[in-house]
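Excluded from the calculations below are hydrogen atoms, water molecules and symmetry mates; all remaining heavy atoms, backbone and side chain alike, are included.
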Amino acid sequence: MRRPIIAGNWKMNNTKAQTYALLGELVPLVADAEAEVVVCVPYTSIWAAGEAIKGTNIKLGAENVHWADKGAFTGEISADMLLEQGVEYVIIGHSERRQYFGETDETVNKRVTTALAKGLKPIVCVGETLEERENGKVEEVLVRQTEGAFKDVVAAELDNIVIAYEPVWAIGTGKTATAQDANDTIAIIRGTIAKLYGEKNAEERVRIQYGGSMNPKNAKELMAMPQIDGGLIGGASLKAVDFS
Ligand code: PGA
């Protein structure tokens with residue numbers, strides 16, 4: 001019903017030359033993947049990545065997008081600029097953006113609604129910090145972030161939006177949520193979507209990934225959980241064999 005989606009989040013890694021090398025290795029390894037496969041790469045690698053995956057089953061993604069069409073926004077990138085390069089998916093609201101670059105629920109929402117209107121598919125990240133988890137705030141935080149991201153998103157757009165549940169304490173730390181815990185927490189997010197758009201839409205149309213130290217050792221167990229529809233992979237996406 002919900003096709004799994006595995007997306008690499010390269011973050012600030014890989015030059016153009018490294019992009020060609022990594023994708024050259026990856027293309028044959030995932031050629032018969034059942035899951036949808038996406039690589040989200042730095043802006044400077046988008047062109048090279050697009051060339052390297054042309055005619056394959058790998059789809060192209062970016063790591064952010066601005067809400068304005070164009071203008072005086074030094075360092076930002078527009079949806080049209082990404083679309084012109086063949087980008088299909090875009091990560092929005094990653095915890096590193098929220099933590100280090102002042103991203104808020106409101107700016108996440110602006111990026112999400114613009115991306116959807118332009119025809120890009122957002123991968124919206126939500127997730128609690130360790131402090132929020134220890135203070136029993138997981139549900140409160142996830143409901144707030146999810147409702148915030150989906151403000152003004154209409155039901156017709158749900159097939160084009162993916163959520164990534166990424167507990168901040170599990171990102172790049174080697175600590176993973178247990179498969180059961182990730183599953184149960186994702187159920188909270190899906191419940192929030194059900195409240196907004198109805199049970200059927202939440203069950204059938206919105207894919208929710210797990211992200212946070214997902215790797216070749218734990219992927220099978222995580223992917224076996226009924227609520228987990230894929231992964232957003234950081235560190236392990238930088239090695240073709242691990243990612244595949
Ligand atoms: P990680 O990163 O797999 O290195 O923990 C995941 C992410 O931040 O998307």
Side-chain angles (χ1 to χ4, degrees), residues 1-11 30 33-41 57-64 88-98 108 111-112 115-116 120-128 138 141-142 145-146 149-150 153 157-173 175-194 201-238 242-244:
M1 211 160 49
R2 303 188 303 261
R3 186 177 177 207
I5 174 167
I6 300 286
N9 173 11
W10 286 8
K11 310 192 179 184
V30 300
E34 282 168 36
E36 196 172 353
V37 182
V38 183
V39 287
C40 299
V41 307
N57 60 328
I58 303 177
K59 293 175 175 170
L60 192 54
E63 299 177 15
N64 202 1
E88 184 174 337
Y89 283 92
V90 60
I91 298 172
I92 296 176
H94 190 278
S95 63
E96 285 148 19
R97 301 290 324 165
R98 295 178 191 256
V108 167
R111 294 180 203 274
V112 166
L116 286 168
L120 285 168
K121 297 174 180 167
I123 299 175
V124 188
C125 302
V126 298
E128 81 286 357
V138 176
V141 169
L142 294 179
Q145 291 180 344
T146 306
F150 277 75
V153 172
E157 295 171 314
L158 290 181
D159 301 303
N160 293 329
I161 184 165
V162 175
I163 301 173
Y165 166 57
E166 299 206 313
V168 178
W169 48 270
I171 295 175
T173 57
K175 284 185 205 154
T176 342
T178 64
Q180 189 63 52
D181 193 27
N183 184 76
D184 297 349
T185 312
I186 287 175
I188 296 173
I189 300 169
R190 200 177 301 285
T192 306
I193 297 296
N201 280 327
E203 281 302 318
E204 293 179 4
R205 297 177 56 204
V206 179
R207 292 178 294 177
I208 309 182
Q209 302 172 309
Y210 169 78
S213 299
M214 193 163 168
N215 60 43
K217 286 204 187 91
N218 57 34
K220 203 164 253 173
E221 193 190 354
L222 287 161
M223 290 300 296
M225 302 308 288
Q227 288 289 343
I228 301 180
D229 303 324
L232 184 57
I233 323 289
S237 73
L238 300 176
D242 287 357
F243 185 59
S244 68

Verify, without hydrogens or angle tests, whether [X] (side chain) and [Y] (backbone) share a donor-acceptor contact under 3.5 angstrom.
X: Y210; Y: G212; result: yes
X: Q209; Y: V162; result: no
X: S213; Y: T176; result: no
X: R190; Y: V206; result: yes

Once rounded to the nearest 0.5 Å, what's the spacing between atom [atom1] of [X] and atom [atom2] of [Y]?
X: M214; Y: D242; atom1: CE; atom2: CG; answer: 12.5 Å
X: L232; Y: S237; atom1: CG; atom2: OG; answer: 8.5 Å
X: D184; Y: T178; atom1: CG; atom2: OG1; answer: 7.5 Å
X: I189; Y: L142; atom1: CD1; atom2: CG; answer: 5.0 Å
X: I208; Y: I161; atom1: CD1; atom2: CD1; answer: 10.5 Å
X: I123; Y: I163; atom1: CD1; atom2: CD1; answer: 11.5 Å

**Study point:** Residue pair V108, R98: steps toward the side chain to side chain contact (heavy atoms under 4.5 Å, CB included) verdict
**Key:** CA-CA 9 Å; V108 167; R98 295 178 191 256; 3.9 Å; yes
Taking all atoms of both residues into account, what is the closest heavy-atom pair of [X] and [Y], and its distance?
X: V141; Y: G127; value: CG1-O, 4.1 Å
X: E204; Y: M1; value: CG-SD, 3.8 Å
X: G211; Y: P167; value: O-CD, 3.4 Å
X: K175; Y: W169; value: CB-O, 4.1 Å
X: V90; Y: A115; value: CG1-CB, 4.1 Å
X: V30; Y: N57; value: O-ND2, 2.8 Å

Review point. Checking side chain to side chain contact (heavy atoms under 4.5 Å, CB included) for the pair F150/T192: CA distance, chi angles, key distance, verdict?
Key: CA-CA 10 Å; F150 277 75; T192 306; over 6 Å; no
Practice item. Please lay out, stage by stage, how K59 and V38 fare under the test side chain to side chain contact (heavy atoms under 4.5 Å, CB included). Key: CA-CA 5 Å; K59 293 175 175 170; V38 183; 4.3 Å; yes
Indicate yes or no: at least one non-hydrogen side-chain atom of [X] is less than 4.5 angstrom from one of [Y].
X: R97; Y: I91; answer: no
X: W10; Y: V39; answer: yes
X: N201; Y: I193; answer: no
X: E63; Y: N9; answer: yes
X: N160; Y: K121; answer: yes

Review point. Between R2 and E203, does a side chain to side chain contact (heavy atoms under 4.5 Å, CB included) hold up when you go through it step by step?
Key: CA-CA 8 Å; R2 303 188 303 261; E203 281 302 318; 3.6 Å; yes
Check your understanding: For Y165 and Q227, does a side-chain donor sit closer than 3.5 Å to a side-chain acceptor?
Key -> no
